[in-house]
J.: 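My structure is below; once you've seen it, I'll send some questions.
Computed from a predicted model, the values in this text were never measured in an experiment. Just so it is clear, the values below take in all heavy atoms, side chains as well, and ignore hydrogens, waters and symmetry mates.
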Amino acid sequence: MNLKTTYLMISWVLLAVVAFALCGCGTPTQAEEIIHLPVVSKAETQTPSVLPPWPAITLTMVISGFVSPVDLVDPNDGSGRLFVVEQAGRVLAVGDGQIEPEPLLDISERVDCCREKGLLGMALPPDYPQKGYFYVNYTTEALGDLQSRVSRFHLSADPTVADPASEEILLVYDQPRSNHNGGGLAFGPDGFLYIGVGDGGGQGDPDNRAQDLGDLLGKILRIDV
């Protein structure tokens, strides 16, 4: 008997033993002595028919009447108000569930809007109530070409309204295309102003501006105001 024949005979014997054990032939003791198989209960193989319920989620309308809102800022001045930035160039104050009649800031005439352009971000410095000024980021064609500006505006004699003529332009950078303008502003715990700058537009950053450390576009900038 050659090796191949011996291998085939052993294989058939093993298959017969397994079949004998699984079919229930012979006593349970004989089957357990021949082959040891894990016993799985029917309950363990069944998928639960009832899944735990999802938590209930509801939306509540708090206030309406905004046009293209892009940012929401808490002045943390004890007034309970919130500032809502509208893309076209206004910052509206909301108090007691209503929009206050006079905007905190309206620079619509110098903002180039819309699609991905406009008044895109706002940040309040630490101790805003004492300092009385804030920062915005907006796109403009005031000088002919599309640019982004980061500017500081001061409150007027009325602390609920800013003076549009008080603008201090801190940073200007060109926008080669009309999209991907970024515009986010935020103060970090280090006291610096962080500026989210888009990559200058075009699908997939075709000019590789974000990879160029000599270009402001496609970066998060940090300045000491």
J.: Are any of the side-chain nitrogens in Lys219 or Asp212 under 4.0 Å away from the carboxylate oxygens of its partner?
T.: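 No, this pair does not count.
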J.: Which pairs, with at least one residue in residues 76-102 and sequence neighbours excluded, count as a salt bridge (Lys or Arg N to Asp or Glu O under 4.0 Å)?
T.: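 For residues 76-102: Asp77-Arg81, Arg81-Glu100, Glu86-Arg90.
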J.: Please report, to 0.1 Å, the donor-acceptor pairs under 3.5 Å made by any side chain of residues 154-161, with sequence neighbours excluded.
T.:
unit_1: His154; atom_1: NE2; unit_2: Glu168; atom_2: OE2; d: 2.6
unit_1: Ser156; atom_1: OG; unit_2: Asp158; atom_2: N; d: 3.2
unit_1: Ser156; atom_1: OG; unit_2: Asp158; atom_2: O; d: 3.0
unit_1: Ser156; atom_1: OG; unit_2: Val161; atom_2: O; d: 2.8
unit_1: Asp158; atom_1: OD1; unit_2: Thr160; atom_2: N; d: 3.1
unit_1: Asp158; atom_1: OD1; unit_2: Thr160; atom_2: OG1; d: 2.8
unit_1: Asp158; atom_1: OD2; unit_2: Thr160; atom_2: OG1; d: 3.2

J.: Between Val94 and Phe66, is any pair of side-chain heavy atoms under 4.5 Å apart?
T.: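 Yes, at least one pair of side-chain atoms sits under 4.5 Å.
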J.: Would you name the heavy atoms of Asp112 and Glu141 that are closest together and state the gap between them?
T.: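 Smallest heavy-atom distance, with atoms named: OD2-OE2, 3.6 Å.
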J.: Does Leu146 reach the side chain of Thr139, with side-chain heavy atoms less than 4.5 Å apart?
T.: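 Leu146 vs Thr139: side chains touch.
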J.: Go through the steps for Arg177 and Asp207 under the test salt bridge (charged side-chain N to carboxylate O under 4.0 Å, His left out), then give the verdict.
T.: CA-CA 11 Å; Arg177 297 178 179 85; Asp207 301 322; 2.8 Å; yes
J.: How is the hydrophobic cluster of Leu170 composed, in terms of its other members, when Ile, Leu, Val, Met, Phe, Trp and Tyr link through side-chain heavy atoms under 4.5 Å apart, directly or indirectly?
T.: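 Members besides Leu170, by chain and number: Tyr133, Tyr135, Val150, Leu171, Tyr173, Leu185, Phe187, Leu193, Ile195, Val197, Leu216, Leu217, Leu221, Ile223, Val225.
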J.: Could you report the tightest heavy-atom contact between Glu167 and Ser151, atom names first, then the distance?
T.: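 Looking at all heavy atoms of both residues, the closest pair is OE2-OG, 2.6 Å.
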J.: Are any side-chain N or O atoms of Asn76 and backbone N or O atoms of Gly78, one a donor and one an acceptor, separated by less than 3.5 Å?
T.: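 Such a contact is absent between Asn76 side chain and Gly78 backbone.
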J.: How far apart are the closest heavy atoms of Leu105 and Ala162, and which atoms are they?
T.: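 Here Leu105 and Ala162 meet closest at CD1-CB, 4.2 Å.
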J.: Does any non-hydrogen side-chain atom of Leu104 lie less than 4.5 Å from one of Phe134?
T.: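 A side-chain contact under 4.5 Å exists here.
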J.: So does Asp199 pair up with Arg209, basic N to acidic O under 4.0 Å?
T.: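 Answer for the salt bridge query: no.
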J.: So how far is it from Asn179 CG to Arg115 CZ, rounded to the nearest 0.5 Å?
T.: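 Between Asn179 CG and Arg115 CZ, I get 8.5 Å after rounding to 0.5 Å.
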J.: Please report the C-alpha distance between Tyr138 and Lys117 in whole Å, then the side-chain angles of each, then the deciding distance to 0.1 Å, and finally whether the side chain to side chain contact (heavy atoms under 4.5 Å, CB included) criterion is met.
T.: CA-CA 8 Å; Tyr138 67 95; Lys117 302 178 293 181; over 6 Å; no
J.: Among the clusters formed by ILVMFWY side chains lying less than 4.5 Å apart, do Val91 and Ile107 turn up in the same one?
T.: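 Both belong to a single hydrophobic cluster.
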J.: Drop me the distance from Thr140's OG1 to Arg110's CZ, to the nearest 0.5 angstrom.
T.: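 Between atom OG1 of Thr140 and atom CZ of Arg110 there are 8.5 Å.
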J.: Answer with yes or no whether the side chains of Asp174 and Gln147 bring together a donor and an acceptor at under 3.5 Å.
T.: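 Yes, Asp174 and Gln147 have a side-chain donor paired with an acceptor closer than 3.5 Å.
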J.: To the closest 0.5 Å, what do you measure between CG (Asp145) and CD (Gln175)?
T.: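 Interatomic distance, Asp145 CG to Gln175 CD, rounded to 0.5 Å: 11.5 Å.
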J.: Tell me whether Gln203 at atom CD has more than 12 heavy atoms from other residues, nucleotides or ligands lying less than 6.0 Å away.
T.: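 No, the 6.0 Å shell around CD holds no more than 12 heavy atoms from other groups.
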J.: Could you check whether any side-chain heavy atom of Leu119 comes within less than 4.5 Å of a side-chain heavy atom of Gln87, counting everything from C-beta outward?
T.: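 Not touching, per the 4.5 Å side-chain cut-off.
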J.: Indicate the atoms forming the closest heavy-atom contact of Gly200 with Pro176, along with that distance.
T.: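 For Gly200 versus Pro176, the nearest heavy atoms are O-CG, 3.4 Å.
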J.: Could you check whether any side-chain heavy atom of Phe153 comes within less than 4.5 Å of a side-chain heavy atom of Val136, counting everything from C-beta outward?
T.: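 They are in contact (side-chain heavy atoms under 4.5 Å apart), so the answer is yes.
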J.: Going by heavy atoms in the side chains, are His180 and Asp205 under 4.5 Å from each other?
T.: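 They are not in side-chain contact.
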J.: Which heavy-atom pair separates Gly201 from Pro206 by the least distance, and what is that distance?
T.: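 That would be O-CD, 3.7 Å.
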J.: To the nearest 0.5 Å, what is the distance between CG on Asp74 and CG on Leu72?
T.: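 Reported value, rounded in 0.5 Å steps: 8.0 Å.
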J.: Which residue is it: Leu92, Val70, Asn137? I am looking for the one with a side-chain contact (heavy atoms from CB on, under 4.5 Å) to Val85.
T.: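 Looking at Leu92, Val70, Asn137, the match for Val85 under the side-chain contact (heavy atoms from CB on, under 4.5 Å) is Val70.
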